[in-house]
Amino acid sequence: MFKKFALISTLLALFASAAHAETYVVGSGGTYRPFEFENSQKQLEGFDIDVIKAVAKAAKFDIKLVNTPWEGIFATLNSGDRDIIISGITITDKRKLMVDFSAPYFPAEQSIVVPKDSEVDSLAALKSENVGVVNSSTGDIVVSDVLGKNSTAIKRFDNTPLMLQELYEDGIGAAVGDVGVVKYYIKTHPEKQFKLVPDAKFERQYFGIAVAKGNDALRSKINAGLKQIIADGTYAKIYSTWFDTNVPTLPAE
């Protein structure tokens, strides 16, 4: 009888704990594959989505995901319509004036992409190549600095898949793009035999999870959850699922 009573008490305690778990509304765009995008059932999925779900589980809070257009996404925190936003958001000093960020969860630098047999080994080597970039992107800015903004060797595209298809068809000799997007493309198109070429001159930037300015309690929960999933290997599993096994070492906040 005592054991039965103890079991019932434990179950009631668990139910009570679950009932009191906070639920936070998470805004995320659905147009930045592989970080966040809508599947055929109009549900959000992607690397960012897996990360925030794992963080919430580790920190013992619940989330409600809402597809939120990039335009105005920061304003949803200030209005209270969203508690958290995760949408491939680069941490910058300007954005820190508007929102508070978690510790970094993804290194978001640029990378050179070339065929596996290419001899390109640096940004400087691009001077002898026709180079693809996404129009007005960070990659465009970087390559314009190397080759000159009006260089006819720069080929500008509307998106990364178009750019990398042109690379595959030998229309360009190299491409420069967001490392996460490029890694995902390489993973899902192994037949194209691409490789990444890093360069120390690429500025190291990071994505962060944002909360309203001054919401230190929620920010602390997120950081605690992020720290736990990095320590227990969950983050590495998520990263390997979407990109590759070269899991980055993330800096402390």
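We number each residue from 1, following the sequence as shown.
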Given the rule that I, L, V, M, F, W and Y join up when any side-chain heavy atoms are under 4.5 Å apart, are [X] and [Y] in one cluster?
{"X": "V99", "Y": "V25", "result": "no"}
{"X": "I230", "Y": "I52", "result": "yes"}
{"X": "F61", "Y": "V51", "result": "yes"}
{"X": "I209", "Y": "V66", "result": "no"}
{"X": "L226", "Y": "V247", "result": "yes"}

For residues 160-169, tabulate all N or O donor-acceptor pairs below 3.5 Å that involve a side-chain atom, not counting sequence neighbours.
| from | atom 1 | to | atom 2 | distance (Å) |
| --- | --- | --- | --- | --- |
| Q165 | OE1 | K192 | NZ | 2.4 |
| Q165 | NE2 | E169 | OE2 | 2.7 |

**Study point:** Partner residues of D50 under the side-chain hydrogen bond (donor to acceptor under 3.5 Å, both in side chains) criterion, sequence neighbours left out
**Key:** W242
Please answer whether the main-chain N or O of [Y] pairs with a side-chain N or O of [X] as donor and acceptor at a distance below 3.5 Å.
{"X": "D244", "Y": "N246", "answer": "yes"}
{"X": "Y185", "Y": "G180", "answer": "no"}
{"X": "S87", "Y": "G29", "answer": "yes"}
{"X": "S118", "Y": "P115", "answer": "no"}
{"X": "S151", "Y": "G148", "answer": "no"}
{"X": "T76", "Y": "I73", "answer": "yes"}
{"X": "N67", "Y": "G30", "answer": "yes"}

Point to revise | side-chain contact (heavy atoms from CB on, under 4.5 Å) evaluation trace for K53 with I63 | key: CA-CA 8 Å; K53 285 180 177 179; I63 59 171; 4.0 Å; yes
**Study point:** Validation row: Q110, D178 side chains within 4.5 angstrom (heavy atoms)
**Key:** yes
Check your understanding: Given side chains that start at C-beta, do those of V182 and S111 come closer than 4.5 Å, heavy atoms only?
Key -> no
Looking only at heavy atoms, which two atoms of [X] and [Y] are closest? And how far apart?
{"X": "V179", "Y": "P107", "answer": "CG1-O, 3.7 Å"}
{"X": "S28", "Y": "L44", "answer": "O-CD1, 3.9 Å"}
{"X": "I222", "Y": "S102", "answer": "CG2-CB, 3.9 Å"}
{"X": "E109", "Y": "E203", "answer": "CB-O, 3.6 Å"}
{"X": "I89", "Y": "F101", "answer": "CG2-CE2, 3.7 Å"}
{"X": "G88", "Y": "Y105", "answer": "N-OH, 3.9 Å"}

Check your understanding: Can you name the residues that form a ring pair (Phe, Tyr, Trp, His ring centres under 6.0 Å) with F157, not counting sequence neighbours?
Key ->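 If we apply the ring pair (Phe, Tyr, Trp, His ring centres under 6.0 Å) test to F157, skipping adjacent residues, there are no hits.
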So which pairs with a foot in [range] pass salt bridge (charged side-chain N to carboxylate O under 4.0 Å, His left out), sequence neighbours left out?
{"range": "residues 115-128", "result": "none"}
{"range": "residues 31-46", "result": "E38-K42"}
{"range": "residues 68-91", "result": "none"}
{"range": "residues 92-108", "result": "D100-K213"}

Kindly write out the residues that satisfy side chain to side chain contact (heavy atoms under 4.5 Å, CB included) with [X], not counting sequence neighbours, or none if the list is empty.
{"X": "I141", "value": "D145"}
{"X": "A224", "value": "none"}
{"X": "N215", "value": "V211, A217, L218"}

**Study point:** ring-ring contact (aromatic ring centres under 6.0 Å, His included) partner of F106, the single match among Y206, Y32, F35
**Key:** F35
Review point. Taking F47 as the fixed residue, which of F37, F207, F243 is the one that meets the ring-ring contact (aromatic ring centres under 6.0 Å, His included) rule?
Key: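 Exactly one option meets the ring-ring contact (aromatic ring centres under 6.0 Å, His included) with F47, and it is F243.
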Point to revise | Hydrophobic cluster partners of V146 (side-chain heavy atoms under 4.5 Å) | key: I112, V114, V120, L123, L126, V131, V133, V142, V143, L147, I154, V176, V197, F202
**Study point:** Between CD1 on residue I84 and CG on residue L65, distance to nearest 0.5 Å
**Key:** 9.5 Å
Review point. What distance separates N135 CG from N159 CG, expressed to the nearest 0.5 Å?
Key: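 Going from CG on N135 over to CG on N159, the span is 11.0 Å.
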Check whether more than 12 heavy atoms from other residues, nucleotides or ligands sit under 6.0 Å from atom [atom1] of [X], and answer yes or no.
{"X": "N39", "atom1": "CG", "result": "yes"}
{"X": "K187", "atom1": "NZ", "result": "yes"}
{"X": "K221", "atom1": "NZ", "result": "yes"}

Practice item. Start with the C-alpha distance between R156 and D140, add both sets of side-chain angles, then the distance that settles salt bridge (charged side-chain N to carboxylate O under 4.0 Å, His left out), and finish with yes or no. Key: CA-CA 8 Å; R156 295 180 171 89; D140 190 351; 3.0 Å; yes
Review point. Any ring-ring contact (aromatic ring centres under 6.0 Å, His included) pairs touching residues 68-94, not counting sequence neighbours?
Key: W70-F74
Practice item. Give the intermediate values and the outcome of side chain to side chain donor-acceptor pair (under 3.5 Å) for residues K227 and Y235. Key: CA-CA 9 Å; K227 183 177 181 179; Y235 177 88; over 6 Å; no
